[in-house]
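Have a look at the structure below, then the notes.
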Amino acid sequence: MVTMLDKKQNTPLGTPIPLHRIRNIGIIAHIDAGKTTLTERILYFTGHSYKMGEVDEGTTVMDFMDQERERGITINSAATTCYWKEACINIIDTPGHVDFTAEVERSLRVLDGGMVILDATSGVEPQSEMVWHQADKYHVPRICFVNKMDRVGASLDNTLTSIKERLKARAVSLQIPLGVEKDFWGVIDLIELRAWRFDKDLEIPPRELSIPPEWAEEASRRRKELIEAICEEDEKLLTCYLEREIEVEEIKAALRRVVIRGRIVPVLCGSALKNKGIHPLLDSIVDFLPAPSDIPPMQGYLPSSDREVKRSPRYDEPFCALVFKVVTDAFVGRLMYLRVYSGKVGVGETVLNSTRGKRERIGRLMRMHANRREEVEEAPCGDIVAVLGLRNTFTGDTLCDPHSPLVLENISFPSPLVSLSIEPKAKSDGASLDEALAKLAQEDPTFKVHYDEETGQSIIQGMGELHLEVLIERISREFGVTARVGKPRVFYHETVAGKADAEGRFIKQSGGRGQYGVVNLTVESQNLDSGVMFENHIKGGAIPLKFIPAIKEGVKEAADTGLHGYPLIGVKVALRDGSFHEVDSSEIAFKMAGSIAFREAVKKAGVKLLEPVMKMVLTTPEEYLGNIISDLQSRRADIQSIEQSHDLRILRSLIPLGETFGYINVLRSLSSGRATCFLEFHRYCEVPSFLTQEIISKRR
């Protein structure tokens with residue numbers, strides 16, 4: 001068994017850690033699956049911390065924000081580094097609540113591997129599905145840890161079945177649990193065919209035992225199934241398996257290859273709270289998850305060009321990194337989290353922000369341990385660090401060698417769903433509130449702020465009630481501003497009902513040089529998943545090319561406010577014709593003409609109001625099902641299916657977001673506090689005609 005390793009013994013001072021010994025992993029799961037508890041155990045057993053923090057006591061290393069400790073949930077993703085089996089493991093612990101899905105999104109964008117935590121009593125839960133699909137999007141190889149094996153109703157086999165059925169993944173168990181529920185005491189390692197007993201004493205590592213006789217035949221059978229599953233995905237191991245007895249190291253090497261290719265998901269089990277199963281899990285992270293050197297070269301493109309450029313994960317390549325997180329730290333200021341993909345960067349060096357075309361100087365480099373900082377002089381390829389001193393850099397920007405520029409693919413984030421009006425209680429706090437909102441918007445790409453000229457209020461938008469509630473508390477605690485907020489409102493959208501042409505004319509003569517711009521365009525509907533698509537169909541120089549961007553900007557500004565004050569989506573705009581004046585035409589004239597033409601065309605085409613519709617997964621004891629269904633139907637919910645899981649019913653439905661505000665309290669009342677629900681954005685749908693006028697009237 002590998003013991004804890006002093007990180008000072010890993011490499012000589014100033015020598016970069018070999019890429020094959022680095023693991024960049026994220027811990028992802030449904031809320032309350034045990035992510036933070038497991039991370040605390042990993043930090044303890046790797047020697048990073050000398051006391052295990054507990055979520056219930058508010059003493060965890062990773063959940064360091066006051067709100068996280070008070071609520072017992074993870075709100076912000078936190079990064080740390082530990083060492084095991086001569087490997088450096090960079091860990092990002094992500095939130096489990098759907099309102100903070102942006103933290104998961106940006107973490108998975110820069111990670112090489114993922115560890116999915118599942119509750120042994122619940123199997124795959126709704127948020128588990130969501131984070132799994134996010135990991136699929138970025139092709140992140142994963143291993144699964146089935147937690148809470150000591151709970152009543154825990155079952156590794158049932159969890160494996162739910163992974164295969166719900167996630168459509170080829171999951172293979174590497175272990176057989178020994179003992180059931182509260183009597184869970186160890187596991188059988190199917191690769192090495194040996195048993196491990198977990199001791200209650202934290203200082204005693206797992207003890208190796210011979211496999212209990214009653215399990216010998218079952219272990220041999222399951223090991224054969226495991227090897228055959230790997231052979232189906234790896235020809236090299238299959239050839240060896242058909243010719244001779246294969247070695248343990250050959251099995252591990254083959255399993256590593258198929259995991260990195262995303263063909264198989266290894267599954268382990270344990271109980272993080274009782275410190276069981278942590279050592280084998282750490283071994284599996286090192287043995288089976290990819291190193292930066294296992295990841296294909298990063299693809300980007302040259303600035304202001306479509307030409308593709310690749311960067312291999314090597315120290316001798318030009319420097320290239322992606323900024324995936326911005327944090328305002330009360331002590332050091334604005335921190336940027338970087339993932340370095342190639343080359344290296346040192347303190348004091350000048351780099352190019354190729355996304356914005358600006359040069360930046362690296363002030364200080366820090367390796368983060370949650371909210372604790374450790375200064376370093378250099379960040380090499382494969383590393384995840386924080387940097388100070390970047391003034392014009394934001395989430396999703398690419399930093400690179402000024403002599404070898406490229407732009408990496410940005411990070412995409414979901415649009416906000418809920419809005420609130422906000423204003424300071426004291427007029428003197430107006431500037432402070434604006435500053436706080438601006439800083440929070442820089443940190444969180446799913447948090448938007450705009451000023452409503454009709455009401456004279458600032459409007460904030462976020463992913464849900466909890467998301468905005470947390471941010472409002474931060475404004476009070478971190479920035480010292482007390483704010484007055486309105487009730488949650490749905491963030492509606494508009495789309496065009498048909499197709500229409502219109503002309504926009506902006507012509508002014510006032511004695512000197514005037515303004516002249518004439519624009520003819522067509523609007524029509526398209527897929528609602530898209531925003532506003534602008535196409536230039538001008539031929540023969542009716543409008544000079546230099547004015548086209550201004551027309552596009554005018555269309556965009558008009559689309560942002562729509563016909564009734566809501567942004568337009570699912571609209572295709574085609575610029576057909578126009579005219580210009582050699583002297584009087586200007587960018588501002590064509591911007592105004594484009595805006596006028598667009599508004600007129602939208603009026604002619606007519607608009608439909610759209611509302612966000614959520615996927616709801618509700619779990620309840622059967623005796624409350626009837627009342628819950630009746631209440632949901634009164635909220636315009638569309639019941640999709642009702643499933644049975646043990647003595648519970650799982651109800652899946654589609655429900656308008658506007659009908660869910662405060663619903664959790666109603667659900668608790670209907671079920672005596674025994675039902676739970678999970679909401680996830682599904683799509684935008686047309687608002688029923690009997691509600692449209694009411695919503696527009698309230699807006700006015």
Side-chain angles (χ1 to χ4, degrees), residues 301-306 354-358 392 394 407 410 415 448-454 459 493-608:
Y301 57 91
L302 289 176
S304 305
S305 168
D306 293 333
S354 54
T355 306
R356 302 180 187 276
K358 295 183 180 292
N392 300 298
F394 302 89
V407 180
N410 210 323
S415 300
K448 306 291 184 185
V449 184
H450 75 271
Y451 183 75
D452 190 329
E453 294 184 358
E454 293 182 16
I459 304 296
H493 281 72
E494 299 174 19
T495 192
V496 292
K499 182 176 180 180
D501 303 318
E503 181 180 79
R505 302 174 68 86
F506 189 76
I507 302 173
K508 290 190 175 182
Q509 298 294 336
S510 55
R513 178 176 174 177
Q515 298 284 357
Y516 186 97
V518 178
V519 169
N520 295 86
L521 52 76
T522 303
V523 300
E524 60 183 304
S525 60
Q526 62 173 0
N527 193 323
L528 290 180
D529 292 334
S530 61
V532 177
M533 182 186 292
F534 182 89
E535 295 180 352
N536 178 19
H537 292 195
I538 292 290
K539 294 179 181 178
I543 299 176
L545 282 175
K546 64 180 180 179
F547 295 130
I548 303 301
I551 298 170
K552 185 176 179 180
E553 187 179 347
V555 167
K556 182 182 180 302
E557 287 187 5
D560 285 343
T561 55
L563 201 60
H564 301 296
Y566 301 108
L568 278 150
I569 60 172
V571 182
K572 180 178 174 182
V573 183
L575 178 59
R576 301 290 182 188
D577 201 359
S579 63
F580 73 103
H581 189 279
E582 290 286 354
V583 176
D584 292 347
S585 286
S586 64
E587 290 187 357
I588 187 65
F590 274 103
K591 179 181 174 182
M592 294 301 296
S595 178
I596 293 166
F598 180 77
R599 289 181 185 277
E600 188 62 32
V602 169
K603 284 181 184 177
K604 288 181 180 179
V607 295
K608 296 186 289 187

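Just the heavy atoms: all of them, side chains too, but no hydrogens, waters or symmetry mates, feed the values below. Starting from 1, each residue takes its place in the sequence as its number.
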How close do [X] and [Y] get, counting heavy atoms only, and between which atoms?
X: Lys604; Y: Ala500; answer: CB-CB, 3.6 Å
X: Phe580; Y: Ala542; answer: CD2-O, 3.2 Å
X: Ala502; Y: Ala597; answer: CB-O, 3.5 Å
X: His581; Y: Tyr516; answer: N-CD2, 3.6 Å
X: Ile548; Y: Asn536; answer: CG1-ND2, 3.9 Å
X: Pro303; Y: Val407; answer: CG-CG2, 4.0 Å

Drop me the distance from [X]'s [atom1] to [Y]'s [atom2], to the nearest 0.5 angstrom.
X: Phe547; Y: Leu545; atom1: CZ; atom2: CG; answer: 11.0 Å
X: Asn392; Y: Arg356; atom1: CG; atom2: CZ; answer: 8.5 Å
X: His493; Y: Lys608; atom1: NE2; atom2: NZ; answer: 15.0 Å
X: Glu503; Y: Asn520; atom1: CD; atom2: CG; answer: 4.5 Å
X: Leu563; Y: Phe598; atom1: CG; atom2: CZ; answer: 9.5 Å
X: Glu600; Y: Asp501; atom1: CD; atom2: CG; answer: 11.5 Å

Practice item. Using the test salt bridge (Lys or Arg N to Asp or Glu O under 4.0 Å), find all partners of Asp577 that sit at least two apart in sequence or belong to another chain. Key: none
Practice item. Among Val573, Ile538, Val519, find the one that has a side chain to side chain contact (heavy atoms under 4.5 Å, CB included) with Ile551. Key: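 Checked Val573, Ile538, Val519 against Ile551; only one passes side chain to side chain contact (heavy atoms under 4.5 Å, CB included): Val519.
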Donor-acceptor check, side chain of [X] to backbone of [Y], threshold 3.5 angstrom: yes or no?
X: Gln515; Y: Ile588; answer: no
X: Lys499; Y: Thr522; answer: no
X: Ser525; Y: Ala497; answer: no
X: Ser585; Y: Glu582; answer: no
X: Glu535; Y: Ala574; answer: no

Are the side chains of [X] and [Y] in touch, meaning some heavy atoms are under 4.5 Å apart?
X: Thr561; Y: Arg599; answer: yes
X: Arg505; Y: Ile596; answer: no
X: Phe534; Y: Lys556; answer: no
X: Val602; Y: Val571; answer: no

Review point. After noting the C-alpha distance and the side-chain angles of Val555 and Leu575, does the key distance pass the side-chain contact (heavy atoms from CB on, under 4.5 Å) rule?
Key: CA-CA 10 Å; Val555 167; Leu575 178 59; over 6 Å; no
Point to revise | Greater than 12 external heavy atoms within 6.0 Å of Tyr301's OH | key: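 No - once you tally the heavy atoms of other residues, nucleotides and ligands closer than 6.0 Å, there are 12 at most.
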